[in-house]
Amino acid sequence: MPRFIYGGSFTKRNGDKMKNDYQLIYNKLYKHYGPQGWWPAETPFEMMIGSILVQNTSWRNVDKALDNLKPFLKPEAIDKLSIDELAQLIRPSGFFNIKASRIKSYMEWFKTYNYDIPLIKEVDRHKLRTELLSIKGIGPETADVILLYAFDIPIFVVDAYARRIFYRLGYDMPASYDTFRKQVENEIPRDLAQYNEFHALIVEHAKEHCKATPICDSCPLFDICYRRLD
DNA sequence: ATCCTGCACA
DNA sequence: TGTGCAGGAT
């Protein structure tokens with residue numbers, strides 16, 4: 001009988017209690033999809049703006065918004081825009097009024113560091129996360145994605161895809177965002193490159209195979225998946 | 001409960 | 001041309 005050690009676990013069909021194995025999933029995804037080299041943005045600044053635009057939105061729509069924003073993709077230019085002007089530019093991303101003000105509140109915070117990313121990287125990561133979360137419009141997922149892809153902090157991003165994939169694999173999904181995040185971080189060594197890849201691989205896998213209606217044919221995780229129904 | 005677009009599919 | 005779906009934060 002396998003031993004249940006700590007952190008997340010799940011029960012197999014035969015009743016055996018198994019420990020979650022996030023490292024195993026990572027290895028399999030990496031082997032199948034290869035290195036992803038995220039985040040898909042030209043600059044860290046574009047990445048930060050993109051992380052707000054992509055809230056509740058598919059990348060398709062975000063790309064159009066980002067195209068419109070191209071001439072304004074530096075802090076000073078964004079600051080000069082009124083909320084309404086900004087809203088019109090990012091219209092294709094949806095929720096444009098809300099997102100325009102979210103970008104503005106983010107810029108206010110960013111300005112307290114003089115838009116200086118290396119300076120921000122000096123800040124203790126817990127303090128930094130708390131600061132990001134205190135910005136109106138920045139929730140846990142957006143905060144973590146910024147920490148990871150703009151500030152190089154190894155952190156696990158909990159998104160709808162991660163929940164869906166691990167749920168289907170058969171894992172017990174913690175209700176809270178942070179519990180899930182810490183569970184993964186307890187098991188995967190704090191290596192920036194790996195966390196960077198892990199999130200990207202999860203997104204890729206969710207788009208290629210583990211979609212809303214899954215395509216289990218040739219899925220790289222097929223042999224270890226419960227294919228638990230929603 | 002609310003905020004909103006673009007695309008897939010019929 | 002329409003319906004329906006995907007997608008976080010407050």
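Values in this document were obtained by computation on a predicted structure and should not be read as measured data. The chains referred to below are lettered A, B, ... by the order of the sequence lines, with proteins before strands, and numbering in each begins at 1.
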For this session: Establish, with yes or no, whether the OP1 or OP2 oxygen of B/dG6 is under 4.0 angstrom from a side-chain nitrogen or oxygen of A/Arg91.
Result: no
Exercise. Does B/dC4 have OP1 or OP2 sitting under 4.0 Å from an N or O in the side chain of A/Asn97?
Worked result: yes
Exercise. Between A/Phe95 (CZ) and B/dC4 (P), how many Å, whole number?
Worked result: 7 Å
Exercise. Are any of the side-chain heavy atoms of A/Leu148 and A/Leu192 separated by less than 4.5 Å?
Worked result: yes
Exercise. Among residues 42-54 of chain A, which residues get a heavy atom nearer than 4.0 Å to DNA chain B?
Worked result: none
Exercise. Rounded to the nearest Å, what distance is computed from the CG atom of residue A/Asn61 to the C1' atom of nucleotide B/dC3?
Worked result: 14 Å
Problem set entry | Distance test, side-chain N/O of A/Lys211 to OP1/OP2 of C/dC5, below 4.0 Å | no
Exercise. Within this structure, what is the NZ-to-P distance between A/Lys99 and B/dT5, rounded to whole angstrom?
Worked result: 11 Å
Exercise. Any side-chain donor paired with an acceptor under 3.5 Å for A/Thr57 and A/Lys99?
Worked result: yes
Problem set entry | Electrostatic pair A/Lys104-A/Glu108, nearest N-O below 4.0 angstrom | no
Exercise. Which sits closer to the 5' end of DNA chain C, A/Ser58 or A/Leu133, going by the nucleotide each is nearest to?
Worked result: A/Ser58
Exercise. Taking NZ, NE, NH1 and NH2 as the nitrogens, is one of them in A/Asp116 or A/Lys121 under 4.0 Å from a carboxylate oxygen of the other?
Worked result: no
For this session: Go through the side-chain N and O atoms of A/Glu131 and A/Tyr113 and say whether any donor and acceptor fall under 3.5 Å apart.
Result: yes
Problem set entry | Residue A/Tyr161, side-chain atoms from C-beta onward, closest of B/dC4, C/dA6, C/dA9 | C/dA6
For this session: Check the side chains of A/Gln183 and A/Tyr22 for a donor-acceptor pair under 3.5 angstrom, ignoring hydrogens and angles.
Result: yes
For this session: Can you tell me the distance, in whole Å, between the CZ atom of A/Phe96 and the C1' atom of C/dA9?
Result: 17 Å
Exercise. Which nucleotide sits closest to the side chain of A/Ala160: C/dG8, C/dA9, C/dT10?
Worked result: C/dG8
For this session: Find the distance A/Ile135:CD1 to C/dG8:P and express it as a whole number of Å.
Result: 18 Å
Seminar exercise, completed: Here the distance between atom P of B/dA8 and atom NZ of A/Lys207, to the nearest Å, is 13 Å
Problem set entry | Member of A/Phe72, A/Tyr115, A/Phe110 meeting the side chain to side chain contact (heavy atoms under 4.5 Å, CB included) criterion with A/Asp79 | A/Tyr115
Problem set entry | Interatomic distance, A/Arg102 CZ vs C/dA9 P [rounded to whole Å] | 7 Å
For this session: Return the value, rounded to whole Å, for the distance between atom CG of A/Leu66 and atom C1' of B/dG6.
Result: 16 Å
For this session: Assign A/Thr142 to base, sugar-phosphate, or nothing according to its heavy-atom contacts below 4.0 angstrom with the strands shown.
Result: sugar-phosphate
